[in-house]
Protein chains: 2
Amino acid sequence: MQTKECPEDICEQLCEHPQIICIAKKESISDHEAQQVAEIFKLLGDPTRVKILQALTKRELCVCDIAAVIEMGQSAVSHQLRLLRNARLVRYRREGKMAWYSLDDEHVRSLLSQGIDHIKHR
Amino acid sequence: MQTKECPEDICEQLCEHPQIICIAKKESISDHEAQQVAEIFKLLGDPTRVKILQALTKRELCVCDIAAVIEMGQSAVSHQLRLLRNARLVRYRREGKMAWYSLDDEHVRSLLSQGIDHIKHR
DNA sequence: ACAACATATGAATATATGTTCATATGTTAG
DNA sequence: CTAACATATGAACATATATTCATATGTTGT
């Protein structure tokens, strides 16, 4: 976090409240952490990927089955799976011609179900 | 969900496994739900908004303090706050010239902390 | 009424993102 | 080896998004 100290003596009449800002800065996450957190959520922030991940919460699926389930082209699905794979949100194993995908991350299962809960309860 | 029945008799040799697809489709979320879920995560999927929300988990802050804490322009912050406000992720109250923002949603607090946990544990 | 201030917002711009199309890679069956 | 197939990927395109700048709105104190 920040090492800068909080000056108690600065005039409090300003809009920018130095004390609060100083404390809040110390408690804030770093740019890098914010970036990483955003990265995860960004991946969950697309309807196609939500559908893919939600389908994978139930069972392992191969690419063309995913495409059929969510009614999208094979290529689009494959591109999205690559993103999910790179971020290690899904695992895949090759079996002959086919590639079987599954969730690789209990955090993601939990985040996803919380997200679904969230929209259902309001 | 889907009402279409699962034909048991269709040839299983195809890549597209009709049974599985049929069952998976019945269990899949609707386009509309996927859209809504994605909408929430998309809002959490930007580093600026992550920083804003994280700062607001600790205490209520006014716009210019938020700008100072996350080291961004007032305008940029205000634009992002509008998005968060529209999605009811933050609440705001006006006090004279100033607008005080706070988290409006325990779900969001929980999602956010899970997201932060997620990047810390790997 | 006026000046100073906090916030909001529209327009413009640069960048990121998702899908499609065409094609490449790699596997299996004949 | 070849054809059929499942998947992956690069390029192109359209769309969405974030930030900045300029300015509008609304409040407070004089």
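Distance alone, capped at 3.5 Å, is enough to place a donor-acceptor pair between the B/R49 side chain and the B/K42 backbone. Checked by atom type and distance alone, the side chain of A/R88 never pairs as donor or acceptor with a backbone atom of A/D105 at under 3.5 Å. In terms of modelled atom types and a separation under 3.5 Å, the side chain of A/S78 and the main chain of A/S75 share no donor-acceptor contact.
Between the CH2 atom of A/W100 and the P atom of D/dT7 there is a distance of 9 Å, given to the nearest Å. Between the CD atom of A/Q80 and the P atom of D/dT7 there is a distance of 16 Å, given to the nearest Å. Distance, B/L83 CG to C/dT9 P: 11 Å, rounded to whole Å. We find that CD of B/Q35 is positioned 13 Å from C1' of C/dG18, with the value rounded to whole Å. To the nearest angstrom, P of D/dT7 lies 16 Å from CE of A/M72. Per the geometry, CG belonging to B/L84 stands 16 Å off C1' belonging to C/dT7, to the nearest Å. Note: CD1 (A/I70) to C1' (C/dT19) measures 12 Å, nearest angstrom. The CZ atom of B/R82 sits 9 Å away from the C1' atom of C/dG10 (whole-angstrom rounding).
Looking at B/I52 and B/V90, their side chains never come closer than 4.5 Å, going by heavy atoms from C-beta outward. Looking at B/I40 and B/L111, their side chains come closer than 4.5 Å, going by heavy atoms from C-beta outward.
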message: Between A/Q80 and A/M72, is the side-chain contact (heavy atoms from CB on, under 4.5 Å) condition met? List the steps.
response: CA-CA 11 Å; A/Q80 298 300 353; A/M72 300 258 329; over 6 Å; no
Sort me out a list of protein N/O and nucleotides 21-30 of chain D N/O pairs below 3.5 Å, or just none if empty.
residue : atom : partner : partner atom : Å
D/dC21  : N4   : B/S75   : OG           : 2.6

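Applying the 4.0 Å criterion to OP1 and OP2 of C/dA8, one finds that B/Y101 has a side-chain N or O inside that range. When the side-chain nitrogen and oxygen atoms of A/Y92 are compared with OP1 and OP2 of D/dA6, none of them lie within a distance under 4.0 Å.
Taking the C1' atoms of five terminal pairs at each end of the helix from C/dA1-D/dT30 to C/dG30-D/dC1, the two resulting helix axes are inclined by 30°, rounded to 10°.
The pair B/K51-A/D31 meets the salt-bridge criterion, since a charged nitrogen lies less than 4.0 angstrom from a carboxylate oxygen.
Of the residues listed (B/R85, B/E60, B/R91, B/R93), the one engaging B/Y101 in a side-chain hydrogen bond (donor to acceptor under 3.5 Å, both in side chains) is B/R85, and it is the only one. Of the residues listed (A/L53, A/L83, A/V108, A/N86), the one engaging A/L43 in a side-chain contact (heavy atoms from CB on, under 4.5 Å) is A/L83, and it is the only one.
Within residues 39-68 of chain B, the residues that place at least one heavy atom under 4.0 Å from DNA chain D are, in residue-number order, B/K42, B/D46, B/T48, B/R49.
Ring orientation note: the planes of B/H107 and A/H121 are tilted relative to one another, at an angle of 30° to 60°.
Within 6.0 Å of the CZ atom in B/R59, the count of heavy atoms belonging to other residues, nucleotides or ligands exceeds 12.
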